[in-house]
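By convention in this document, chain letters (A, B, ...) are assigned in the order of the sequence lines, proteins followed by strands, and residues within each chain are numbered from 1.
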Amino acid sequence: MAEIQFGQIIGIGEGQIFKDRKALAAAGIHRPLQAGIDGNKKDGSSSIVLNGGYVDDEDLGNVIIYTGHGGNDPNTKRQVADQSWDSSGNRGLLISEMHGLPVRITRGAGHKSKYSPSNGYKYDGLYLVTQHFYEIGKDGFRICRFRLEKLSSISPLPLDINESLESYGASETSRIPTTILRIARDTKLSRKIKEVYDYTCQVCGIRISFNGIGYAEAAHIRPLGNPHNGKDLSNNLLCLCPNHHVMFDKGAFTINEDHSLSGVEGRLFIKPGRHAIDTENLVYHNKHIFNING
DNA sequence: AACTTCACAGGT
DNA sequence: ACCTGTGAAGTT
């Protein structure tokens, strides 16, 4: 059993067509030959297929409302039982949502929408799981649902706001900015630092979770890129809750060399032996980012 | 080793 | 188009 692979598969481009599920699996896009979700309870889910298997699925292009596994009669394709968050694929999608992992999307010809191919299976790139919710489906049983949004469509620049809301399938105006803010790009390093702290904020100790799956953000102390040119190293990273991430980035508080805090109460928690911070990065934040006027 | 799964081919 | 049976790969 090959380890589950997240993100882009080298050599496979968006729009590429595969003859059948066997070809999809051989390409490394989606390993199971029947299951719609490729994932497990520990690492998350890395890929889904839309092929008309579940009556409640909605495909809006850049936004997909996907139905989890379970309770489905494969002959009638109708729901005959309640679904649960604990089946492997569903829990995997929750992990992908909470940890910001990308999910590959493939549309099959069996799924009738204007985005599906006329035959075979079409790989359509990377999406993020941005919401999960529970509702009663068309057949009267509770279903686990996931909202997925195409990664390239989550633009940091607001397009024409009136038009973009419609095309995103979003009705609440506050959604887009929050999504952009919260979804930090997942890298090996950011995942590692979050795992070291088990998704617990180093400033306030809060651990945001759903069904035990934690949510946290990896924050750079000295920002990356121009003009700060901080380094993407663990000695320049913190594991924070969203509030303290924003507060830190905006200079509402800072961390002193002795790890005491200015601007908020308390003291930075550091896991002994598992994480070390470069003091120079703290000095930089203190000097250039922290609001000296309080 | 059993179980689940948004396949697939072959029949009518 | 509908119903079968057979199936492989991954997870637990």
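- Judged by distance alone with a 3.5 Å cut-off, no donor-acceptor contact links the side chain of A:Tyr121 to the base of B:dC6.
- In this structure, CG of A:Asp20 is placed 13 Å from P of B:dG10, rounded to the nearest angstrom.
- The partner of B:dG11 is C:dC2, judged by Watson-Crick or G-U wobble contacts that both fall below 3.5 Å.
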Trace of the side chain to side chain donor-acceptor pair (under 3.5 Å) decision for A:Asp258 with A:Ser260: CA-CA 6 Å; A:Asp258 63 357; A:Ser260 64; 2.6 Å; yes
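- Between A:Ile105 atom CD1 and B:dC6 atom P the separation is 15 Å, expressed in whole Å.
- Position along DNA chain C of the nearest nucleotide to A:Lys41 versus A:Asn75 favours A:Asn75 as the more 5'-ward residue.
- Side-chain polar atoms of A:Ser190 and A:Thr187 form a donor-acceptor pair below 3.5 angstrom.
- A:Asn72 contributes no side-chain N or O that forms a donor-acceptor pair with the base of B:dC6 under 3.5 Å.
- Taking only side-chain atoms of A:Arg21, from C-beta outward, the nucleotide of C:dA8, B:dA7, C:dT12 with the closest atom is B:dA7.
- When the options A:Val264, A:Asn286, A:Ile221, A:Leu261 are evaluated for a side chain to side chain contact (heavy atoms under 4.5 Å, CB included) with A:Thr254, the one that passes is A:Asn286.
- A:His275 and A:Tyr197 share a side-chain donor-acceptor pair at under 3.5 Å.
- Note: CG (A:Leu33) to C1' (C:dT11) measures 14 Å, nearest angstrom.
- Rounded to a whole Å, the CZ atom of A:Phe18 is 14 Å from the P atom of B:dC8.
- Nearest nucleotide to the A:Arg31 side chain, out of C:dT11, B:dA7, B:dT5: C:dT11.
- Rounded to an integer number of Å, the gap from CG of A:Asn40 to P of C:dT11 is 5 Å.
- For the pair A:Glu3 CD and C:dT11 C1', the interatomic distance rounds to 14 Å; values are reported in whole Å.
- Here C:dA8 presents its P atom at 18 Å from CG of A:Leu24, a figure rounded to the nearest Å.
- Map A:Pro32 and A:Lys19 each onto its nearest nucleotide of DNA chain B; the residue landing nearer the 5' end is A:Pro32.
- Note: the hydrophobic cluster containing A:Met247 also contains A:Ile193 (ILVMFWY, side chain heavy atoms under 4.5 Å, direct or indirect links).
- Regarding A:Arg145, its CZ atom lies at a distance of 14 Å from the C1' atom of B:dC6, rounded to whole Å.
- Residue-to-nucleotide proximity on DNA chain C shows that, of A:Lys22 and A:Lys42, the 5′-proximal contact is made by A:Lys22.
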